Asks: 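Got a structure for you, written out below as structure tokens; questions coming shortly.
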There are 2 protein chains.
Amino acid sequence: MNILEKFKVDKFYITVDPVIFTVINDELKILLIKRKHPPFQDMFALPGGFIKSNEELEQAALRELEEETGVKNVLLKQLNAYGQIGRDSRGRVISIPFFALINSDKIKLKSKTDAYDAEWVSAYKLPKLGFDHKKIIGDALNYLKSEIQKSNLAFQIMSEKFTFSELQHTYEAVLNEELDKRNFRKKMRELDLLKELKETKMEGAHRPAKLCSFKQKNYFRFAKF
Amino acid sequence: MNILEKFKVDKFYITVDPVIFTVINDELKILLIKRKHPPFQDMFALPGGFIKSNEELEQAALRELEEETGVKNVLLKQLNAYGQIGRDSRGRVISIPFFALINSDKIKLKSKTDAYDAEWVSAYKLPKLGFDHKKIIGDALNYLKSEIQKSNLAFQIMSEKFTFSELQHTYEAVLNEELDKRNFRKKMRELDLLKELKETKMEGAHRPAKLCSFKQKNYFRFAKF
DNA sequence: CCAAAAGTGTTAGTGATACACCCATGT
DNA sequence: ACATGGGTGTATCACTAACACTTTTGG
């Protein structure tokens with residue numbers, strides 16, 4: 001018998017809650033499920049679930065994400081835990097959220113199951129949410145807005161090749177504000193993240209746009225802090 | 001019988017680990033305990049402990065902190081959780097660290113008990129530490145360095161009245177680098193955090209220094225992000 | 001008068017913001 | 001030729017970083 005059991009140390013349920021963002025049609029979206037069972041039946045919530053004893057936290061988040069939405073191969077970043085007493089009516093549950101920004105084209109949402117419907121929902125126009133997930137999403141959104149300006153996080157969401165305009169529209173969707181075209185390009189060029197290709201995107205009745213791709217595809221921050 | 005019990009959802013031990021910094025003699029210190037029992041007997045570790053079912057996370061951190069070190073009335077900030085399998089030999093334990101920067105004059109370390117000796121240890125010259133506490137402290141230190149430059153966090157650590165030099169030395173101790181006197185004062189005046197008092201500090205064979213105090217004593221950030 | 005810390009301004013460089021016009025293409 | 005989005009440069013401002021001398025006190 002383990003010493004912790006001997007001293008009857010309390011144990012807790014732990015959920016991991018993936019907070020997955022994407023941009024679709026120049027609108028920031030978050031991946032939610034519509035709950036088909038209590039608690040919070042018929043309301044939206046994060047696609048989380050309970051960790052198992054033999055899983056790493058991040059592994060568990062990836063598993064839940066795939067089980068409930070079909071999304072996989074995602075780089076997750078842990079956020080602060082939520083553990084307030086009473087936040088889950090089923091018992092004392094500590095939730096550990098995991099953040100990601102992904103390219104929605106690269107994944108396919110699971111067809112609706114009997115337990116959950118996964119859906120992309122506008123992050124700036126959230127529906128009513130179960131648990132304290134509104135708070136969790138709000139905090140995650142602040143993290144996203146901060147991080148996309150301090151790191152090369154955006155590479156996660158863009159296709160292999162893209163135009164400056166497409167990249168800018170992605171930033172605008174995430175930050176929920178308009179950016180100046182010239183300043184945006186200057187900044188991006190200074191950061192030296194992009195390869196500017198010779199190919200162009202021929203589309204529409206206007207000058208073809210040069211395509212770019214990211215030089216590096218591993219996540220890093222620009223600033224010290 | 002609760003639905004979570006019915007489905008045999010796994011449960012976990014959770015510890016809270018206060019990561020408490022201060023500055024003593026212009027050196028950044030962290031509050032550690034010397035463990036008198038296994039695991040990691042005779043090594044240093046964070047003064048944490050197991051949460052109880054009826055406690056909020058932060059409450060638990062405050063309780064453990066007071067029990068093991070005598071330190072109380074501290075503003076804590078939750079940091080990311082650590083949950084790797086095997087990080088605690090006694091079982092699967094998820095640790096949630098809580099950060100604070102405090103004024104060591106305002107508190108009194110508990111006299112040594114049979115279970116723990118609490119001690120201030122140089123944060124930039126850490127001894128061997130138990131568990132994964134070295135990693136936790138490193139992450140917390142980065143948080144501290146970032147936060148003290150983006151918020152009025154320093155008010156936590158200064159006495160009611162202090163001189164510009166004392167404040168600067170505190171910043172230097174935290175950041176582990178020297179700062180320019182003129183630039184530091186200019187920056188502080190721009191931020192408009194300080195009341196400059198008429199009193200002076202008479203001490204030593206040199207020009208007396210004007211005393212300052214903080215205008216606000218509630219924590220806030222300057223920057224958006 | 002000497003030692004020791006307090007106190008003070010200017011300059012140069014860097015990054016952020018604001019802003020308006022020409023270009024290449026399809027129809 | 002015109003509509004559409006692609007593409008570019010400059011001026012101003014704010015912030016940062018570098019840097020040296022004078023002031024006030026006690027001994």
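We name chains A, B, ... by the order of the sequence lines, and we start the count at 1 in each one. These numbers come from a predicted model, not from an experiment.
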Asks: Is there a side-chain contact between Ser165(A) and Arg185(A), using heavy atoms and a 4.5 Å cut-off?
Replies: yes
Asks: Do the side chain of Asn25(B) and the main chain of Glu27(B) share a donor and acceptor less than 3.5 angstrom apart?
Replies: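 A pair under 3.5 Å: no.
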Asks: Could you tell me the separation between the CD atom of Glu203(B) and the P atom of dA6(C), rounded to a whole number of Å?
Replies: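 Value for this atom pair: 10 Å.
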Asks: Whole angstrom is fine here: how far is it from CZ in Arg189(A) over to P in dG15(C)?
Replies: 17 Å
Asks: Without decimals, in angstroms, what is the distance between Lys201(A) NZ and dG5(D) C1'?
Replies: 12 Å
Asks: Where does the angle between the aromatic ring planes of Phe21(A) and Phe99(A) fall among parallel (under 30°), tilted (30 to 60°) and perpendicular (over 60°)?
Replies: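 Tilted.
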Asks: Which whole-number value in Å describes the distance from Arg185(A) CZ to dT10(D) C1'?
Replies: 17 Å
Asks: dT8(D) base to Lys186(A) side chain: any donor-acceptor pair below 3.5 Å?
Replies: no
Asks: I want to check something: taking the side chain as every heavy atom from C-beta on, are Phe131(A) and Leu46(A) in contact at a cut-off of under 4.5 Å?
Replies: no
Asks: Any donor-acceptor pair under 3.5 Å joining the side chain of Arg207(B) to the base of dA3(C)?
Replies: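 Absent.
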Asks: Could you tell me how far apart Met202(A) (CE) and dG5(D) (C1') are, to the nearest whole angstrom?
Replies: 14 Å
Asks: Hey, which of these two, Lys187(B) or Lys181(B), hits DNA chain D nearer its 5' end, going by closest nucleotide?
Replies: Lys187(B)
Asks: Roughly, in whole Å, what's the span from CZ in Arg182(A) to P in dA18(C)?
Replies: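 The answer, rounded to whole Å, is 11 Å.
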Asks: Can you tell me how far C1' of dG6(D) sits from CZ of Phe162(A), to the nearest Å?
Replies: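 So the two atoms are 16 Å apart, to the nearest Å.
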Asks: At under 4.0 Å between heavy atoms, what does Ser165(A) touch on the DNA or RNA strands: base, sugar-phosphate, or nothing?
Replies: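 If one applies the 4.0 Å heavy-atom cut-off, Ser165(A) turns out to touch the sugar-phosphate alone, with no base involved.
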